[in-house]
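Down below is the structure, laid out as structure tokens.
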Amino acid sequence: MRTLACSIAAALSIPLAALAANPDAAEKPAASMKDRIPLFYKIDAVPMPPGVDPQVGGMAATPDGRLVVAFHHGEIAYFNPKGQDWKIFAEGLHEPLGVLVDTDGSLLVMQRPELTRLRDTTGNGVADSYETVWDGFGITGNYHEFAFGPVRGPNGKLYVALNLASNGDTVHEEIRGEWKDIGVPRAAFYGSWSKVSKQVGRMYSRVPYRGCVMEIDPYTGAGSLFATGFRSPDGINFDGNGNLMVSDNQGDWRGACELFIVQRGGFYGHPASLVWRKDWDGADPTQVSIERLNQLRTPAPIWFPYGSYANSATQMVQIPKTPAWGPFGGQMLIGEMNAPTLLRVLPEKVDGVWEGATAIFIHTQLLKRGLHRFAFIGDTLYAGHTHLSWAGGEGISSIQPTGKTPFDPLDMHVTPHGFRFDFTEPLAADSTDPSLWPASRYYYLYHAAYGSPEMEKTAVLPTKVTLSNGGKTAEVELPEMKLDFLYDFDLSNLKSASGASPLNPRIAYTLRKVPKN
Amino acid sequence: MKLAASFLLLAFAAAAAAAADPVAPNPAAPTSTPSAAATPKPGKTVKKRQVKVKVAMRDGMRFEPPRFTANPGDEVSVSLENADSTHQPHNFLVLMPGKREEVVKQSLELGDKGPAQEFIPVNPAIIAHSALLNPEGAKTIHFTMPSEPGIYPFICSMPGHGMIMYGAIYSGVKMPALAEDQNIPPMAAQVATPGGGRRPFVQRIFMPNSGPASIAVALPGNLNFCWDATQCRLRYTWRGPFIDASAHWLGNGRELASVPKEPWWSAEKRKFPFKIADAGASPAVKFLGYRIAAGLPEFHYEVGGAEVFETITPAPGDTGLVLNYRIPKSVHSLEFSLATGNAKLASSEGAFDSGNLRLTPAQAADFTVTLTDSSPR
């Protein structure tokens, strides 16, 4: 700390170079190494508009190369990177957490109470029409009932995700939507909360359609249930192939943060929202057996190892297929709230089952925490930060690739006897030594308690490694393949043919299915 | 009409704070949590009250919350968290009243001696201080409030920070409304009021005594109202400052906005103002949004299939509210009724008879109801 204090004695702010020495970040991956990030990415802060609480709830790019940003107090503003200037377009929304630019230039914004279309009908550059597109869902006033989205599917429909309520709080006296008594009558919610809070479960759903992903027709405003089983699905987006991806946060029924590929009618683990299924028998979800839940649910294709990869996963966005982003173009990146980390998610469908890997992508103390919302303008990645009084950050960072591609694991696929890794550069010839490929194998519990320890954690060493594709592909064979385990690799000791160490040596595969061939 | 503090949801939390605090707390100010409230009893030792507060150091050189309450003699624990995502180190110094500028100036003058003493000047006006907190660091400091009531500043004494990074402990002294507080940074006071105090202004937020999809509106002049987008109707109106949103915005959304003045008029709790044809007293309503013209919203909704446009503007001289209703495709007669309370009701069409108004389809196409404030002022 003394060293750090000395380095700031002469200046009002810390020189960025001193940050790599931040001792508080010592246990984070790669932080102890000299920060090589500036070789590959230029990170800057975007100037914020005055008088705005700079927490970003939603962000999108317009076709003409501007950013549109939704802020915590309800402002929607355009940022023009060319002139670095801001223009406030709308104000007074209630906790907007997503914005989508429609084809006619109007904006679709998901705020706490509704999905709203904002239009400037007078041509003065300011929204005057705040049209309610869809408000057919319940709100109890519980603080945790955040609303995320919208995103547009290949079919033109809109998709939003609705949070559950938290038992850290009761409900307002006046609510919206039809209340469903489940185990506990509504009157009890206004009595002694400490008793009721234990009965309702850590996260609960008493009004439609908390904990669900909803499909909305943008023209008729009709909303219908699309999928159930979510807890706090802060990330919702389509990948480049039209798959609806939803990320959800660690907590009850979520041993770690998880990524889902969401199908119509699917159930994704958190039982509270099962009551909104038309075929539900009325049972209290807190009383349903794990066996029954396991029959209903689709386990997550990807777990994010807790602590070392992500503690609160956020939005996914596709990396553009431009030369500057090199081989990463087309892949999906995802943000994290608690650490200055961006990750990539690499799902694949194996014999009809989704599974896949996540890899750390950009981890650096040069980046602020609270990496919440993302948009690309050209090659530049804009990252909007938030905290909402939890861990996180504020403002917007711009991340510009220098055009130099780091040596990194690029992709990871399951094989009948192990995994196949693709790299951005050829590996050194001695990379066939299995001891350079240490992994650990563990899983997270599916249960009502909050989070999960790493279960049955075991060290795994490959039996055989072979290189192909000019050294850019490695086939790694393992002694056994155990389903429903995470295989978490640490590739720190690998070297590229040119002698570089991986910028991000951590990559973890959630194994749900082993291919026959 | 009860304000946020007595709203059912918050009753347990707010009551605890209020009961232990002889100085009326601003219900919206993020206040301290007293853990051992003690009423002095004759012949018994007075148990010292303990106050626990969480204070975060945030981006842009801010303490969050920028102020809290205590009482003389309280044992205060401040749990500090450096949550500044721009990776600035910060500290926390509690000072004697009126000593903020002096200590900030002194910390700047430390020059190259600063790091050795962690930027803490030597000054008897410093009541307590933390060590330097690195980014993501957390520490708790303990101190006893001096016996003199007063406004005790707290600062970050990192060179240059203290000019904008400060706050205030109100010890046995009444806290002013946040927007009017001169003892906190102007920015902290400004963010409390949506629009920074601009009028007119429209803000959707959780409001007391209304549905969870509420819209607060500051009219030009000094009138404000709460409109409920679930029930599609005016709920109440008050004079003076607009809402204080700081507790809702500084936290995670649990707290409601607070209404600083008692409303002079409130609608009945579950009664829609008009009946169209044979529809009941609580007809099906559907909120369709609003359009802003000259800063004011025109609400748009459906009642029993009929589209309604509603604007609420101040009556000349701010004597009350003018509610204008347009039903362009009016084909039914309409029965209108509102709670009277402190308002005198008048209509542009027909005439009120004990709070009730009957309008023909033609009259209902466009009519105005004026609520004149007749409350004692």
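Below, chain A is the first sequence line, B the second, and so on; all start at residue 1. All heavy atoms count here, side chains included; hydrogens, waters and symmetry mates do not.
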Original post:
If you count heavy-atom pairs under 4.5 Å between each of N252(B), V202(B), D84(B) and chain A, which one has the most?
Top reply: N252(B)
Original post:
Which one of R58(B), K286(B), Q203(B), R204(B) has the most heavy-atom pairs closer than 4.5 Å to chain A?
Top reply: R204(B)
Subject >> Neighbour count above 12 (heavy atom, 6.0 Å) for F92(B) CZ >> reply: yes
Subject >> Heavy-atom check, side chain of I155(B) versus side chain of M165(B), under 4.5 Å >> reply: no
Original post:
Does any heavy atom of chain B fall under 4.5 Å from the side chain of T121(A), the backbone, both, or neither of them?
Top reply: side chain
**OP:** Let me know if E394(A) has heavy atoms under 4.5 Å from chain B in its side chain, its backbone, both or neither.
**Re:** both
Original post:
Salt bridge between D128(A) and R119(A), side-chain N to carboxylate O under 4.0 Å?
Top reply: no
Original post:
A391(A) and N338(A): which non-hydrogen atoms are nearest, and at how many Å?
Top reply: CB-ND2, 4.1 Å
**OP:** Please state whether the side chain, the backbone, both or neither of D228(B) comes within less than 4.5 Å of a heavy atom of chain A.
**Re:** side chain
Subject >> When A127(A), G221(A), G177(A), G168(A) are compared by non-hydrogen pairs under 4.5 Å with chain B, the top option >> reply: G168(A)
Subject >> Residue part contacting chain A, namely of E64(B), when any heavy atom lies under 4.5 Å >> reply: side chain
Subject >> Passing candidate, side-chain hydrogen bond (donor to acceptor under 3.5 Å, both in side chains) with E95(A), options Q111(A), H72(A), H73(A) >> reply: H72(A)
**OP:** Go through the atoms of F146(A) and report whether side chain, backbone, both or neither lie under 4.5 Å from a heavy atom of chain B.
**Re:** side chain
**OP:** Name the region of E145(A), side chain, backbone, both or neither, that has any atom closer than 4.5 Å to a heavy atom of chain B.
**Re:** neither
Original post:
Which answer fits E75(A), side chain, backbone, both or neither, if we ask what part of it has an atom under 4.5 Å from a heavy atom of chain B?
Top reply: neither
Original post:
Which residue pairs pass the ring pair (Phe, Tyr, Trp, His ring centres under 6.0 Å) test when at least one of the two sits in residues 112-133 of chain A, sequence neighbours left out?
Top reply: Y130(A)-Y290(B)
**OP:** Answer with yes or no after comparing the ring centroid distance for W227(B) and Y301(B) against a 6.0 Å cut-off, counting only values under it.
**Re:** yes
**OP:** Count the heavy-atom pairs under 4.5 Å between each of E298(B), Q231(B), K269(B) and chain A, then report the option with the highest count.
**Re:** K269(B)
Original post:
Which bit of H387(A) comes within less than 4.5 Å of chain B, counting heavy atoms only: side chain, backbone, both or neither?
Top reply: side chain
Original post:
For R112(A), is it the side chain, the backbone, both or neither that has a heavy atom under 4.5 Å from a heavy atom of chain B?
Top reply: side chain
Original post:
Taking the six-membered ring of F137(A), is NZ or CZ of R176(A) closer than 6.0 Å to its centre and within 45° of its axis?
Top reply: yes
Subject >> Partners passing side chain to side chain donor-acceptor pair (under 3.5 Å) against E81(B) (at least two apart in sequence or in another chain) >> reply: none
**OP:** Considering only heavy atoms and a distance below 4.5 Å, find which of P212(B), G60(B), G289(B) pairs most often with chain A.
**Re:** P212(B)
